[in-house]
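By convention in this document, chain letters (A, B, ...) are assigned in the order of the sequence lines, proteins followed by strands, and residues within each chain are numbered from 1.
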Amino acid sequence: MAQLDLHTVEKKWQKHWDLEKTNAFIRESNKPLFCIDVPPPTVSGRMHLGHALGYTQADVIARYKKMQGFNLFYPFGFDDNGLATERFVEKELNIRGNTLQRSEFTKLCLEHTKKAEEELMHDFKALGLAADWSLVYRTISEEVREIAQHSFLDIYTKGRAYRKESPHMFCTTCNTAVAQAELEDSEKESYFIDLLFELENKEKITISTTRPEMLAACISIFVHPDDKRYLGLVGKKAKVPIFNNWVAIRKDARVNPEKGTGIVMCCTFGDQTDMEWYKAHNLELKIIINENGTLNEKAGTYKGMKIKEARERITAELEKLGLTSGKKKIVHAVNVHERCKTDIEFLVTKQWFIKYLDLKQEFLNQAKQINWNPKHMISRLENWISGLQWDWCISRQRFFGVPFPVWYCKKCGAIKLADEKDLPVDPLKDTPKEVCEKCGSKEFEPEKDVLDTWFTSSLTPQINAKWKIDEKLFEKIYPLDLRPQGHDIITLWAFNTIVKSYLHHKSIPWKNMMVNGWALDAKGRKMSKSLGNVVKPREVIEKYSADALRYWACSVVLGEDVPYNEKEFVAAIRLINKIYNSSKFVNLVTENASYEKLTEKKKKYASEDLWILSRLNSVIKSSTENMENYNFSRALAETRDFFWLEFCDMYIEEVKDRIYSGTEEEKQTAQFVLIETFLTVLKLFTPFMPHITEECYQSLNALNKKSRSITIEKYPKTDSSLINEFYEKMGELKMEIISSIRKYKNSKGMALNKELKKVIIYLEDGKLKEYLEPVKGTISKTCKIQSLEIEVGKAKGAIIEINKQIALLIEE
RNA sequence: GGGCUCGUGGUCUAGCGGUUAUGAUACCACCCUUACACGGUGGGGGUCAAGAGUUCGAAUCUCUUCGGGCCCACCA
């Protein structure tokens with residue numbers, strides 16, 4: 001047989017699985033279903049190692065379920081609507097979305113993402129995923145738009161969608177409202193500036209702020225109700241520096257007396273507390289920031305400047321006028337938009353929201369009904385839900401996304417929804433077919449906003465199940481069985497999906513959740529472009545193979561982060577080679593045998609046969625248990641240890657004697673156990689390393705009846721009648737003794753195949769004798785001992801103690 | 001500041017109340033023994049992050065401390 005070329009082998013079998021449709025979902029099948037809601041990767045670049053990790057771990061479970069006899073529903077999708085994709089396309093084509101018509105920009109996005117998706121799909125296929133590639137969806141497709149718009153109409157009809165003008169988090173770079181979940185912390189340098197405000201009696205008070213550019217929007221001053229230093233101030237007025245308007249001093253418990261001077265100015269809106277004060281004290285609204293991040297006419301001479309510029313200019317001006325009393329450089333955490341890292345502002349805009357703060361308890365209950373793996377991951381979601389303080393803002397002032405199926409009556413302003421039958425609609429192009437229900441007008445204004453990406457992404461279970469499109473399918477597979485995803489987006493994707501499923505169906509979206517960790521670099525750091533430590537899966541596959549990458553991905557417990565360790569890949573390559581070489585051995589010694597015929601023949605089992613069969617079934621048993629509990633790393637490690645240390649190192653060596661020089665009956669029994677054990681091990685390895693196991697399976701000559709693929713074979717079933725403690729203990733003792741004799745030879749500088757005249761095994765406990773009698777022959781042959789005896793009682797002479805009960809006496 | 005989580009030979013990892021603490025990888029020595037030198041055999045290397053407690057007994061349970069990670073809160 002030729003030397004193993006993994007890349008050729010992997011490509012060959014991937015092509016074979018495609019042609020043979022081994023991964024196809026069979027709709028008409030009566031088998032129990034197992035439906036997976038796989039994360040659709042964002043179309044904004046190439047596949048990274050984190051993808052390889054998460055998708056492989058999920059794939060291992062999928063392949064296991066398939067081999068357990070489930071009809072896999074395992075589609076794949078691409079998330080190609082939304083800001084991430086827009087930015088990707090803008091960057092690649094060097095254009096700006098807002099300079100084009102929505103339809104024109106959308107067209108460019110569609111064309112460009114198509115190419116990017118082909119690349120992505122190529123990479124994901126190279127991992128050897130068992131997904132059904134005929135079920136691919138794109139979140140910008142007509143069908144998905146339809147489902148997303150259905151979702152909106154349903155939520156609106158249920159009275160949970162509302163449109164309101166109110167202060168909300170806004171990104172001035174992306175020009176859009178953002179949700180709580182899209183925020184990120186960023187440590188930024190800033191100045192804490194002490195400003196002097198003048199009271200009516202000309203006295204001065206000092207207020208520290210990091211945002212002097214907000215002065216024009218200052219509408220009140222607050223002190224803590226218990227702060228004795230300043231209680232006298234409450235009710236008085238102070239003059240805002242530069243702008244010279246008078247604002248009232250009030251008390252509020254939200255003031256932190258420890259911070260700055262303990263006096264704080266309130267502007268609409270410098271931060272979230274400002275907004276709370278504005279609402280609680282019914283303050284005047286003075287908006288000075290435009291949606292594009294510049295200041296407006298209310299900011300006087302600072303009109304037209306960007307926030308940062310205004311901050312610098314006004315600081316200089318204040319200092320020049322002697323209106324400051326100090327300036328301190330600080331580093332503080334600021335909320336920024338995760339996509340562009342711009343500081344978040346609070347602007348008053350008209351946005352669509354989903355009302356859900358009153359449903360927190362229900363969401364918690366839903367989460368508890370899902371089986372979380374690992375269990376503790378649920379606490380992240382619980383933590384998030386209890387901390388929620390905003391309704392979900394679902395409108396975005398962007399272009400490439402699913403449009404709201406909404407118009408507004410030009411005459412009376414009433415909301416006009418699209419008809420379910422007409423979905424999907426684009427209000428910019430389409431018009432309502434009926435007149436306004438309120439005033440009868442035919443004139444409508446389209447809603448220009450698009451839905452938040454997560455509004456659509458949170459529908460992947462409904463998209464997969466074709467909600468409203470193929471109701472029969474939906475009924476069949478909803479709720480789905482498994483959602484695999486990363487722990488970083490539990491609060492985003494998992495949470496929003498649970499929300500949607502509850503709002504639409506009062507149901508959980510899936511029964512099981514598996515949460516994977518992250519791929520880190522060799523030093524345990526996050527992979528990022530700026531650190532230059534990004535490892536590309538494509539290169540890893542070229543260097544080591546897909547099976548090796550899969551082995552690495554399964555080498556950790558679910559939920560743990562995995563550093564990129566080359567040695568893990570080296571270990572994988574060695575294992576793959578060992579499997580391949582052992583298959584060559586099996587083929588060599590079973591050349592003219594037929595597994596099917598051997599199965600029917602009467603067997604004369606040797607003690608080592610009973611030992612290896614018992615061990616094999618013990619391994620099947622624990623592997624099955626581990627796989628059921630998503631503990632794939634344990635299953636893989638146990639299978640590997642059994643295969644290498646017991647099957648290869650011990651059993652194959654022991655069996656040679658019978659195969660080369662045994663009687664026909666002995667030979668046939670040995671051949672049978674050899675094939676049986678090897679074939680079973682291959683199947684245990686298949687979910688992890690499907691390529692090499694397929695290669696070995698298809699080339700097993702003794703197998704007359706092969707199926708199209710080992711990946712559709714049944715997962716081994718435990719035969720408890722073969723699990724036998726006696727033989728397992730026998731095997732253990734045998735290995736211990738052989739190992740001790742080898743150690744002895746090694747220490748004496750003897751060759752391992754040097755003959756020994758005599759060895760006596762002394763047993764403290766006579767009961768052990770029965771375990772050793774059956775393996776006397778095996779030990780003698782393996783260690784080249786002319787005469788091997790077993791004696792009960794205290795040892796005489798120079799002995800080697802193996803443990804408290806066993807000692808050896810060796811004569812050279 | 002809060003929640004969750006992790007910390008075992010150089011490196012990665014199993015074990016989760018009683019083992020001479022598992023295996024991998026790297027290292028050293030010997031060996032090309034008819035599947036495999038991408039192999040075999042053997043060896044050195046760990047006070048199981050630190051401290052205290054519970055227990056006859058702790059890597060394993062509890063508490064404290066230190067260090068890493070993720071998420072959240074704070075952000076005047």
Side-chain angles (χ1 to χ4, degrees), chain A residues 1 3-4 180 183 185-188 190 192 207-211 214 221-222 254-256 259-267 270-274 277 330-335 343-344 374 376-384 386-389 486-492 515 517-518 520 522-526 552 555-557 559-563 565-589 633-634 637-638 640-641 644-645 648-649 652-653 656 660 738-739 742-747 749-753 784 802-804:
Chain A
M1 227 180 280
Q3 182 63 33
L4 185 60
Q180 192 177 344
L183 304 184
D185 277 5
S186 171
E187 290 284 329
K188 291 204 174 174
S190 184
F192 215 23
I207 294 177
S208 301
T209 182
T210 55
R211 301 204 60 182
M214 295 303 293
I221 288 168
F222 286 95
R254 275 166 279 216
V255 177
N256 177 0
K259 205 153 195 170
T261 58
I263 313 176
V264 56
M265 68 172 187
C266 168
C267 313
D271 66 22
Q272 196 177 323
T273 334
D274 284 346
W277 282 322
I330 57 157
V331 176
H332 64 160
V334 183
N335 269 336
D343 293 13
I344 289 298
H376 64 81
M377 288 294 179
I378 191 176
S379 58
R380 299 209 180 183
L381 186 68
E382 290 173 338
N383 204 237
W384 166 262
S386 29
L388 263 186
Q389 16 181 347
H487 55 53
D488 49 329
I489 48 173
I490 289 175
T491 58
L492 263 179
V515 183
W518 281 13
L520 305 173
K523 290 175 187 155
R525 296 171 309 177
K526 205 166 152 177
W552 165 80
S555 65
V556 287
V557 172
E560 295 281 295
D561 296 339
V562 204
N565 279 311
E566 299 256 350
K567 44 195 132 173
E568 222 41 67
F569 291 91
V570 172
I573 288 293
R574 290 191 179 162
L575 176 60
I576 291 167
N577 262 293
K578 193 78 180 174
I579 295 172
Y580 180 66
N581 281 317
S582 56
S583 87
K584 282 203 294 189
F585 173 78
V586 172
N587 272 330
L588 200 72
V589 299
S633 58
R634 193 88 217 99
E638 274 181 14
R640 185 204 56 209
D641 287 351
W644 203 313
L645 305 174
C648 292
D649 289 354
I652 285 187
E653 295 311 317
K656 280 178 182 170
Y660 293 138
I738 290 174
S739 177
R742 280 171 176 165
K743 204 185 284 187
Y744 172 84
K745 286 184 176 175
N746 222 286
S747 70
M750 292 161 71
L752 284 180
N753 56 358
K784 309 271 179 201
I802 295 181
N803 56 41
K804 279 171 196 155

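Arg634(A) comes within contact range of the sugar-phosphate backbone alone, with a heavy-atom separation under 4.0 Å but no base atom that close. Among the heavy atoms of the strands lying under 4.0 Å from Tyr660(A) are primed sugar atoms or P, OP1, OP2 only; no base atom is included. Looking at heavy-atom distances under 4.0 Å, Ser582(A) makes contact with a base. Using a 4.0 Å heavy-atom criterion, one finds that Ser208(A) contacts the sugar-phosphate atoms exclusively. Looking at heavy-atom distances under 4.0 Å, Ile573(A) makes contact with a base. Nucleic acid contact class of Val557(A) (heavy atoms, under 4.0 Å, all strands): sugar-phosphate only. Among the heavy atoms of the strands, none lies under 4.0 Å from Ile263(A). Contact annotation for Cys266(A): no contact, since no heavy-atom pair falls under 4.0 Å across all strands. Base engagement by Glu653(A) is indicated by at least one non-hydrogen atom pair under 4.0 Å involving a base atom. Looking at heavy-atom distances under 4.0 Å, Ala571(A) makes contact with sugar-phosphate atoms alone, never a base.
Side-chain atoms of Asn565(A) never come within 3.5 Å of backbone atoms of Lys567(A) as a donor-acceptor pair (strictly under, hydrogens ignored). At distances below 3.5 Å, not a single donor-acceptor pair connects side-chain atoms of Asn587(A) with backbone N or O atoms of Lys584(A). A side-chain donor-acceptor contact under 3.5 Å links Trp552(A) to the backbone of Pro563(A). Asp271(A) places a side-chain N or O within 3.5 Å of a backbone atom of Asp274(A) that can act as its donor or acceptor partner.
Atom CG of Leu575(A) is separated from atom CH2 of Trp644(A) by 6.0 Å, given to the nearest 0.5 angstrom. Remark: Trp384(A) CH2 to Leu492(A) CG distance equals 7.0 Å, nearest 0.5 Å. A distance of 13.0 Å separates CZ in Phe222(A) from CD1 in Ile263(A), rounded to the nearest 0.5 Å.
Rounded to whole Å, the distance from CZ on Arg640(A) to P on U22(B) is 15 Å. When rounded to the nearest whole Å, the span between CZ of Phe585(A) and P of G39(B) equals 18 Å. Remark: P of C74(B) and CG of Asn335(A) are 7 Å apart, rounded to the nearest angstrom. Between the NZ atom of Lys567(A) and the P atom of A26(B) there is a distance of 9 Å, rounded to whole Å. Computed from coordinates, the Tyr580(A) OH to C36(B) C1' distance equals 11 Å when rounded to whole Å. Separating the CG atom of Leu381(A) from the C1' atom of C70(B) is a distance of 14 Å, rounded to the nearest angstrom.
Comparing G46(B) with U25(B), their C1' atoms sit 16 Å apart, to the nearest whole Å. The C1' atoms of A29(B) and U47(B) are separated by 29 Å, rounded to the nearest whole Å. Atom C1' of G15(B) sits at a distance of 16 Å from the matching atom of G7(B), rounded to the whole Å. As rounded to the nearest Å, U22(B) and G9(B) have C1' atoms that lie 12 Å from one another. Of the C1' atoms belonging to C30(B) and G69(B), the separation is 44 Å, rounded to the nearest Å. G42(B) and A49(B) have their C1' atoms separated by 32 Å, given to the nearest Å. Straight-line distance between the C1' atoms of C48(B) and C61(B): roughly 16 Å, to the nearest whole Å. Nucleotides U19(B) and A14(B), compared at atom C1', are 13 Å apart to the nearest Å.
Considering only the side chain of Asp488(A), C71(B) comes nearest among A35(B), C71(B), G69(B). Considering only the side chain of Asp649(A), U41(B) comes nearest among U41(B), A76(B), A26(B). The side chain of Gln389(A) approaches C74(B) more closely than any other nucleotide in the set A76(B), C74(B), G40(B). Closest approach to the Trp277(A) side chain among C12(B), A76(B), A35(B) is made by A76(B) (side chain taken as heavy atoms from C-beta onward). Of the listed nucleotides (A26(B), C12(B), A35(B)), A35(B) has the atom at the smallest distance from the side chain of Ile652(A). Listed nucleotides G42(B), G40(B), G69(B) differ in distance to Asp561(A); the shortest reach to its side chain belongs to G69(B). Closest to the side chain of Asn581(A), from the set U41(B), A76(B), A35(B), is A35(B). If you check G40(B), A76(B), C12(B) against the side chain of Asp271(A), the one that comes closest is A76(B). Side chain of Thr491(A), nearest nucleotide from C72(B), U25(B), A35(B): C72(B). Closest approach to the Trp644(A) side chain among C74(B), G40(B), A76(B) is made by G40(B) (side chain taken as heavy atoms from C-beta onward).
Remark: the Lys578(A) side chain and the C36(B) base include a donor-acceptor N/O pair separated by less than 3.5 Å.
By the 4.5 Å heavy-atom criterion applied to side chains, Ile490(A) and Met377(A) are counted as neighbours. You'll find the side chain of Thr210(A) stays beyond 4.5 Å of the side chain of Val334(A), heavy atoms only. At a threshold of 4.5 Å between non-hydrogen side-chain atoms, the residues Val556(A) and Ser633(A) do not count as touching.
Sequence order on RNA chain B of the closest nucleotides to His487(A) and Ile738(A) puts Ile738(A) first from the 5' end. Nearest-nucleotide positions on RNA chain B place Val556(A) closer to the 5' end than the other of Leu645(A) and Val556(A).
Using a 4.0 Å cut-off, some side-chain N or O of Arg574(A) falls inside it from OP1 or OP2 of A26(B). Taking 4.0 angstrom as the limit, Ser633(A) places none of its side-chain polar atoms (N or O) nearer than this to OP1 or OP2 of A14(B). For A35(B), the OP1/OP2 oxygens have a side-chain nitrogen or oxygen of Lys656(A) closer than 4.0 Å. In this structure, Thr209(A) does not reach the A76(B) phosphate: none of its side-chain N or O atoms is under 4.0 Å from OP1 or OP2. Phosphate proximity of C31(B) to Arg742(A): absent, as no side-chain N or O sits under 4.0 Å from OP1 or OP2. Under 4.0 angstrom from either OP1 or OP2 of G43(B) there lies at least one side-chain N or O belonging to Lys743(A).
Between Ser582(A) and Cys648(A) the shortest heavy-atom distance is CB-SG, 4.3 Å.
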Taking N or O atoms only and anything under 3.5 Å, show me the protein contacts with nucleotides 2-6 of chain B, one pair per line.
from  : atom 1 : to        : atom 2 : distance (Å)
G2(B) : N2     : Asn383(A) : OD1    : 3.4
C4(B) : O2'    : His376(A) : ND1    : 3.3

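When both distances must be under 3.5 Å, the Watson-Crick or G-U wobble mate of G1(B) is C72(B). Of the nucleotides present, none pairs with C36(B) by Watson-Crick or G-U wobble criteria with both distances under 3.5 Å.
Every salt bridge (Lys or Arg N to Asp or Glu O under 4.0 Å) that Lys656(A) has, sequence neighbours left out, goes to Glu653(A).
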